[in-house]
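Below is one structure, written out as structure tokens; the observations come after it.
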Amino acid sequence: MNNEGGTSSPDNGAESPFVLQKLQENYADALLAHEEARDGVVVVVGKDDAYALLEYLKTDAALGYTYLVDVTAVDNSRLESELVKFGYARFMVVYQLYSYQGHCRVRVRVPVHERDLRVRSVTSLWRGANWLERETYDMFGIDFEGHPDLRRLLMPDDFDGHPLRKDYPLRGRGERERFNFERQNV
Amino acid sequence: MGLDFGGARSLSADGGPVDENIITTTIDKVVNWGRKNSLWPMPFGTACCAIEMMATLASKFDLSRFGSEAIRFSPRQSDLLIVSGRISIKMMPVLKRIYDQMPDPKWVISMGACASCGGVFDTYTLIQGVDQFIPVDVYIPGCPPRPEDLIDAVMQVQQKIAGGEVPKGVEVAV
Ligand code: SF4
């Protein structure tokens, strides 16, 4: 089922997956880490290089990761073992890609520090990223630069806070109690 | 489930039996009989409970046996609101408006733990019971309730109607 070799060059054999070889050839400096996970290749890349690397994965004829499955984020603030790996970057923005050519997946993870939450939007590469980035903004507060319409997706417009952050209390900070149920723009 | 008529037979003026096909009753009873056997539900399914509601409507459990199969997706055509699922604070104004758009007399079933009390989701966004905002006539416990429970709730609404009970949502002047 899981052809991690991608659209194969004939001689990549049992070595590392094709996509990883290609990335190491072209983006050796940008890769902070990589691993072969059960469902495909995982690469960690700094946020300054992320856009270029994603564009490469999408547009390279031999790779063809044209399908953006998901954009989301992880808050590692309570997970010391993860935090130390990438200079105490609190968030990991995660892009899941799929290639219809090789029927294989790549997960691109981008560490984001709390003091600078800006990440370049990929809506110019995949229009489908629009709502995915809005959701990630809504839940984690990641600021996608260049997004055409970065409003909250799930929570009400006037909501404060980002609920999937680990420091957000389960029962909220009184938003439920303060909510104006008479609002008409529903 | 039959019609409970006031008097099935009476005597004519001269003491003889009237024609056997004549029955007498009160207008209220006839109206309530019609109402109870032709409830048109407005489904408000927002979560997993709605799956059980669909099962209730489908052939295996077949809510049409109780006259309630005419699901209306316009609140203006329905008289039984079935709230099945979690209601978030953002959804509550929508639910309230849909309830307000239903013509009187109208009944509300709060299906499942989430709709009735928030269930396990005492979280930042979830309404802890829709009865804080709209009047509920019948609550169904369970997570999710089985289709039999929903049928039972519909039958309880029917009993209320047959008994001439006023829906919770109607304010009666005293
Ligand atoms: S009561 Fe249970 S089944 Fe019903 S909506 Fe809530 S979680 Fe889902």
Side-chain angles (χ1 to χ4, degrees), chain A residues 70-79 90-91 93 114 117 130-144 147-186, chain B residues 42-50 72-76 78 81-103 106 108 110 112-136 143 168-169 171:
Chain A
D70 197 10
V71 178
T72 184
V74 182
D75 179 359
N76 284 325
S77 55
R78 302 270 163 89
L79 205 61
R90 175 174 174 180
F91 298 102
V93 176
E114 197 173 8
L117 292 166
N130 190 321
W131 280 29
L132 301 174
E133 290 184 342
R134 278 179 66 187
E135 185 189 4
T136 310
Y137 160 71
D138 193 358
M139 292 291 133
F140 294 93
I142 307 291
D143 180 7
F144 290 95
H147 190 287
D149 180 28
L150 196 61
R151 286 178 296 134
R152 288 182 181 276
L153 181 67
L154 300 171
M155 304 311 294
D157 292 338
D158 51 1
F159 196 82
D160 292 324
H162 301 285
L164 286 191
R165 290 187 173 188
K166 294 292 179 200
D167 56 0
Y168 189 86
L170 176 65
R171 293 184 178 81
R173 300 192 178 111
E175 293 91 345
R176 196 168 60 177
E177 290 71 22
R178 282 197 305 271
F179 191 75
N180 173 19
F181 290 99
E182 299 305 318
R183 56 193 296 173
Q184 291 302 304
N185 57 337
V186 290
Chain B
M42 163 81 213
F44 200 86
T46 49
C48 11
C49 271
R72 292 295 125 163
F73 291 93
S74 162
R76 293 168 201 277
S78 38
L81 178 63
I82 303 178
V83 185
S84 47
R86 297 175 282 276
I87 304 295
S88 67
I89 53 176
K90 202 175 168 186
M91 189 57 97
M92 195 64 226
V94 181
L95 176 59
K96 200 161 176 312
R97 182 178 294 184
I98 283 182
Y99 174 79
D100 289 342
Q101 284 175 340
M102 289 168 58
K106 53 191 169 188
V108 179
S110 166
C114 288
S116 304
C117 67
V120 295
F121 303 101
D122 185 5
T123 63
Y124 55 93
T125 184
L126 222 78
I127 298 291
Q128 302 296 299
V130 294
D131 55 359
Q132 295 171 26
F133 298 91
I134 58 175
V136 174
C143 176
K168 283 271 170 54
E171 281 159 29

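Order of the sequence lines fixes the chain letters, A, B, ..., with proteins taken first and strands second; residue numbering starts at 1 for each chain. What you see below is based on every heavy atom in this structure, not just the backbone, and it leaves out hydrogens, waters and symmetry mates.
Expressed to the nearest 0.5 Å, how far OG1 of B/Thr125 lies from CZ of A/Phe179 amounts to 8.0 Å. Here B/Gln128 contributes atom CD and A/Glu177 contributes atom CD; the two are 9.0 Å apart, rounded to the nearest 0.5 Å.
Relative orientation of the B/Tyr124 and A/Tyr168 rings is perpendicular, given thresholds of 30° and 60° on the angle between their planes.
Side chain of A/Arg176 to backbone of B/Ile89: no donor-acceptor contact under 3.5 angstrom is found.
Contact count against chain B (heavy-atom pairs under 4.5 Å) is highest for A/Pro163 among A/Gly172, A/Gly161, A/Pro163.
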